[in-house]
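Numbering starts at 1 and runs along the sequence shown.
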Amino acid sequence: MEDLISVIVPVYNSEKYLPKCIESILNQSYPHFELILIDDGSLDGSLHICQKYAEKDQRIRIFYQENRGPSAAMNKGLDMAEGNYIAFVDCDDYVNHQLYEILYKNLHHYKADISVSSFQYVYEEEEINDHLAAKRIGNEHIEIYEEREILETLYGDLHVENIVVWNKLYKREIFNGLRFKTGKWHEDEFIVHRILDRASKVVYSNLPLYFYMQRKSSFMGKKFNLTRLDFLEALEERMLFFQERGFQRLYNQTLDDYLNMLPKHYFLVRKFFPKEVWILQGLQEKYRRLSEHLHDLPMNVKIKYSLFKYNPLLYKVCMNTWQRMKTQKIGVGNKSTNTMLISPFLFSELNMFLVL
């Protein structure tokens, strides 16, 4: 008998997209799987849709819980899973009919712990020709990563593919004693480094076999809210993890990501929650403290970090100006051109930071 794959789908208020998601999994060319649907207290018809499909296909198992978020739902799925292998699918996404056949084949052929596929962004009302995508299989390109280089993919060409949990097939043992952090958004960011650290070998396929839905009503498409700050907390935990493991380069790369992302969140809080002064002060203090951990920086990077540390608004002006210069394809090395674009006040401020 073939190995059983447990496909875990956390479900919440997704009645518009859920049928396509479920059908894409039920139509897999690899037949030996269980589909675990965890309804996270949906307020629409999602649970009823799950039940209708379960009546027709015995491979479906449904569990219900009061609304506790996607992390708790996936943890429930892990607790209930009976398979030798684990996979996740978001309830508004869908997958190629050969996804798990190919992931399973690659995992066994290369004796890996995790098998990864690329993915494709899709938009509402867009139709993907599943069989046309399958014709590309003959052009599959495989890459193998082992030991420390697995974690380094978080900051390489495969960054996007590896910061999510849903385009992969895992040996069940990866999740022994490991669960998603509950009560937080950006749940993948909190756990993905721990998952990759447990693998000795990862096999990556360039075939885009997972279809990642972009919709305005999703969490990532909504207006900014304070739960987005969970992303920064996830990066803080990742930094601490790398620091404790003695992975200095990975720590520095995560810190650099953090210091680049924190100002963006700072200005979003300032725009949408201007009265939350304590949050703004806290973000600026974290920035000051952590930016001191970076040494031997190029002068332009040192200027950038110093700008936000001492004057966030000046930092924003400079970054906007720099972005306009890049957009207009003006030579950065041309001092006279730069001087013309930057106001005399701003130029004098930049000169001040050059001596820091």
Chemist: Quickly, which of Glu149, Glu143, Glu147 forms a side chain to side chain donor-acceptor pair (under 3.5 Å) with Tyr145? Name it, please.
Modeler: Glu143
Chemist: Taking atom CG of Leu209 and atom CG of Asn96, what is their separation to the nearest 0.5 Å?
Modeler: 5.0 Å
Chemist: Assigning hydrophobic clusters by single linkage (Ile, Leu, Val, Met, Phe, Trp, Tyr; side-chain heavy-atom cutoff under 4.5 Å), is Phe180 placed with Tyr12?
Modeler: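 No, Phe180 and Tyr12 fall in different hydrophobic clusters.
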Chemist: Can a side-chain donor-acceptor contact be found between Tyr170 and Asp113 if the only test is distance below 3.5 angstrom?
Modeler: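 No pair is found: no donor N or O on one side chain lies under 3.5 Å from an acceptor on the other.
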Chemist: Please determine whether a side-chain nitrogen of the Lys or Arg among Lys181 and Glu237 lies less than 4.0 Å from a carboxylate oxygen of the Asp or Glu.
Modeler: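 Result for this pair is yes, salt bridge flagged.
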Chemist: Holding to salt bridge (charged side-chain N to carboxylate O under 4.0 Å, His left out), I want the full list of residues that pass it with Arg198, two or more places apart in sequence or in another chain.
Modeler: none
Chemist: What heavy-atom pair brings Leu78 and Arg172 nearest, and what distance separates the two atoms?
Modeler: O-NH2, 4.3 Å
Chemist: Is the shortest side-chain N to carboxylate O distance from Arg61 to Glu34 below 4.0 Å?
Modeler: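 The answer is yes: the pair qualifies as a salt bridge.
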Chemist: Does Lys264 have more than 12 heavy atoms from other residues, nucleotides or ligands lying within 6.0 Å of its NZ?
Modeler: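 Not buried by this count: 12 neighbours or fewer within 6.0 Å.
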Chemist: Phe308 vs Tyr266 aromatic rings, parallel, tilted or perpendicular, using cut-offs 30° and 60°?
Modeler: perpendicular
Chemist: Would a distance-only check, ignoring hydrogens and angles, find a side-chain to backbone donor-acceptor pair under 3.5 Å from Gln28 to Ser24?
Modeler: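 It does hold such a pair.
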Chemist: Check step by step if ring-ring contact (aromatic ring centres under 6.0 Å, His included) holds for Phe33 and Tyr100.
Modeler: CA-CA 9 Å; Phe33 65 86; Tyr100 295 119; 7.3 Å; no
Chemist: In terms of relative ring orientation, are Tyr212 and Phe119 parallel, tilted or perpendicular, with 30° and 60° separating the classes?
Modeler: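 Rings of Tyr212 and Phe119: perpendicular, over 60°.
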Chemist: Does a donor on one side chain and an acceptor on the other come within less than 3.5 Å for Glu140 and Ser205?
Modeler: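 Note: Glu140 and Ser205 side chains meet the donor-acceptor criterion.
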Chemist: Can a donor-acceptor pair be found between the side chains of Glu187 and Trp185 at a distance below 3.5 Å?
Modeler: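 Trp185 and Glu187 do not have a side-chain donor-acceptor pair below 3.5 Å.
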Chemist: Given the ring of Tyr110, does Lys201 sit roughly above its face, with NZ or CZ under 6.0 Å from the centre of the six-membered ring and within 45° of the axis?
Modeler: no
Chemist: Check for a donor-acceptor pair, side chain of Ser71 on one end and backbone N or O of Thr182 on the other, with a separation under 3.5 Å.
Modeler: no
Chemist: Scan side-chain atoms only and decide if Ser42 and Asp39 contain a donor-acceptor pair under the 3.5 Å cut-off.
Modeler: yes
Chemist: Is it true that the NZ or CZ of Arg148 lies under 6.0 Å from the centre of Phe247's six-membered ring and within 45 degrees of the ring axis?
Modeler: yes
Chemist: Would you say the side-chain atoms of Asn252 and Gln248 include a donor-acceptor pair closer than 3.5 Å?
Modeler: yes
Chemist: Is a donor on one side and an acceptor on the other found under 3.5 Å between the side chain of Ser14 and the backbone of Val11?
Modeler: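 Between the backbone of Val11 and the side chain of Ser14 there is no qualifying donor-acceptor contact (under 3.5 Å).
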